[in-house]
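Heads up, the thing below is written out as structure tokens.
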Amino acid sequence: MQLSDFDYDLPERHIAQVPVEPRDSARLLVDRGDGVEHRHVADLPDLLRAGDLIVLNETRVIPARIRLRRATGGAAEVLLLDALDDGRRRWEALARPGAKLRVGDILTQDGVDVVKMGPRTAAGDTFEVEIIAEGDPLAVLDRHGEMPLPPYIGTRLDDPDRYQTVFANEPGSAAAPTAGLHLTDAVLRRLDAAGVRTATVELVVGLDTFQPISTDDPLDHPMHTERYRVPEATWEACRTTREAGGRVVAVGTTAVRALESAAARGELAGRTDIFIHRDAAGGGFDWQVVDVLMTNFHLPKTTLLMMIDAFVGRRWRELYDEALAADYRFLSFGDAMLLTRATTGV
């Protein structure tokens, strides 16, 4: 297996800079196995079946990017990734300029002490930091932080709620579960009316969602752990759905990681470093829960694209080529795909 196996040419003009309005007008490329169908997310209730179960990641994005100043007056920036305590004071974070920051450094914004630097984590590329400004840490972030849009989005987002799903609940993520951005309350109501049940999981979206593969052999890529939680009611709904012949439909790769982590680890909550890919010999991943996946189009050379490869096989290239030829919009604010594993059919 080589990194080039997960590379493709993504012209800049295909990278969506703003979300479409309304949310469910985003295009949806439906993989039929022997061909594709071009639809819209608003059509999702017509594409799923009565008895299916749709699973959503209910994590809420926080204003996790904080622009700061060092004692020297130089600029600094901290991106909070994962809370290390229940009070959300201590965090694992990316920080720059990493080579110039020292343990104990106080980083400020507009004269207010906001963040205290701690040591590097065991991962080596992140730091422990502490929010030291007065008040509830989430309120501090509301005052001093901003929505952590990916670096490939250069357009200012006028409405921060557009980088939040309509069902977002538990605050904590550094990035949105972007496939869920397309869903509206109206689509969810129509799914319910069509006999498609809805369940939720939580996976705190962290570094591995947007970090490119850094090794020549992609299987050597180190995965960071992420916190996940699958409620017992969701796990039971997955079991009963499949026993009754229905399908588990994950909205986004983060919902996939939560569900498949629970299955692989035998634990409904914890930390996971699950790496979903086919093996070096070309064999498939041992899928235990997810049958259908709604997902956006992903960057080249990422673990997310490796997951898609594990889900539909090398056919992903044909689907991406079709999407590019049809002027689909890619990445976080882009369009979506509806994929079915080879063992089942849409």
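Bear in mind that the values here come from a model prediction, so they are computed numbers and not experimental data.
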Original post:
Which atom pair, heavy atoms only, marks the closest approach of Val204 to Gly172?
Top reply: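 For Val204 and Gly172, the tightest heavy-atom pair comes out as CG1-O, 3.4 Å.
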Original post:
Do you know the tightest heavy-atom contact between Val256 and Ala250?
Top reply: CG2-CB, 3.6 Å
Show which residues join [X] in its hydrophobic cluster (side-chain heavy-atom contacts under 4.5 Å, direct or indirect), or state none.
| X | answer |
| --- | --- |
| Val18 | none |
| Val20 | none |
| Leu101 | Ile62, Ile66, Leu68, Val78, Leu80, Trp91, Leu107, Val112, Val114, Val115, Met117, Phe127, Val129, Ile131, Leu138, Val140, Leu141 |

Contact between [X] and [Y] at the side-chain level, heavy atoms closer than 4.5 Å - yes or no?
| X | Y | answer |
| --- | --- | --- |
| Thr254 | Thr59 | no |
| Asn57 | Val251 | no |
| Val292 | Leu338 | yes |

**OP:** Could you list the residues that satisfy salt bridge (charged side-chain N to carboxylate O under 4.0 Å, His left out) with Arg265, not counting sequence neighbours?
**Re:**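 Partners of Arg265 under the salt bridge (charged side-chain N to carboxylate O under 4.0 Å, His left out) test: Glu267.
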Any chance the side chains of [X] and [Y] put a donor and an acceptor closer than 3.5 Å?
| X | Y | answer |
| --- | --- | --- |
| Asp82 | His224 | no |
| Tyr163 | Ser332 | no |
| Thr241 | Arg197 | yes |

Is [X] reaching over with its side chain to a backbone N or O of [Y], donor-acceptor style, under 3.5 angstrom?
| X | Y | result |
| --- | --- | --- |
| His182 | Gly334 | yes |
| Arg39 | Asp43 | no |
| Gln164 | Ala176 | no |
| Arg23 | Leu181 | yes |
| Arg67 | Ala75 | no |
| Arg90 | Asp85 | no |
| Arg189 | Ala193 | no |

**OP:** Enumerate the residue pairs fulfilling side chain to side chain donor-acceptor pair (under 3.5 Å) with a member in residues 100-118, sequence neighbours excluded, ordered by first and then second residue.
**Re:**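 Qualifying pairs: Gln109-His144.
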Original post:
How about Phe330 and Tyr320: are their ring centroids closer than 6.0 Å?
Top reply: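 Under 6.0 Å, so yes.
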Subject >> Aromatic contact, Trp287 with Phe311 (centres under 6.0 Å) >> reply: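 Ring centres of Phe311 and Trp287 closer than 6.0 Å.
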Counting only heavy atoms from other residues, nucleotides and ligands, does the tally under 6.0 Å from [atom1] of [X] exceed 12?
| X | atom1 | result |
| --- | --- | --- |
| Glu12 | CD | no |
| Glu21 | CD | yes |
| Asp86 | CG | no |
| Arg96 | CZ | no |
| Asp216 | CG | no |

**OP:** Please report the C-alpha distance between Arg60 and Glu170 in whole Å, then the side-chain angles of each, then the deciding distance to 0.1 Å, and finally whether the salt bridge (Lys or Arg N to Asp or Glu O under 4.0 Å) criterion is met.
**Re:** CA-CA 5 Å; Arg60 175 175 288 275; Glu170 185 66 25; over 6 Å; no
Original post:
Which ring pair (Phe, Tyr, Trp, His ring centres under 6.0 Å) pairs, counting each pair once, include a residue from residues 30-55, with sequence neighbours left out?
Top reply: His38-Tyr328
